[in-house]
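In what follows, a structure is listed as structure tokens, so that the remarks can point back to it.
As the structure is a computational prediction, the values presented were derived from the model and not from experiment.
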Amino acid sequence: QTIIYRLLTQTLVESKKLEDALEITERGRSRAFVELLIQKLFPKSTALNAPNCQHLKDIAKQQNAMLVEYSIIYL
């Protein structure tokens, strides 16, 4: 799944859809984390949803923080 999220992120960045790319990157990261938690701690739980871009912006605003996302994309 990591490769799929990475390719989709790359496509969105190349299309200058940066907010969508941020959401997909976070979705991929949170999905991997949630799956690890489920596997280790909560084998009978359902997966949590990744935050969307607006939710990330709201959190950053509440924390008086700036969002910076780095993603390594191999061409």
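Under a 4.5 Å side-chain heavy-atom cut-off, the cluster of Ile, Leu, Val, Met, Phe, Trp and Tyr residues that includes Y5 is completed by L8, L12, I24. Within the hydrophobic cluster formed by Ile, Leu, Val, Met, Phe, Trp and Tyr side chains joined at under 4.5 Å, directly or through other members, L7 is accompanied by I3.
Expressed to the nearest 0.5 Å, how far CG of D20 lies from OG1 of T25 amounts to 10.5 Å. The CD atom of Q54 sits 10.5 Å away from atom CD1 of I59, with the distance rounded to the nearest 0.5 Å. One finds the CZ atom of R27 at 10.5 Å from the CG atom of L22 (value rounded to the nearest 0.5 Å).
Heavy-atom minimum distance, L56 versus E26: CD1-CG, 3.8 Å.
By the side-chain contact (heavy atoms from CB on, under 4.5 Å) test, Q62 is found to be paired with no residue, residues two or more places apart in sequence or in another chain being considered.
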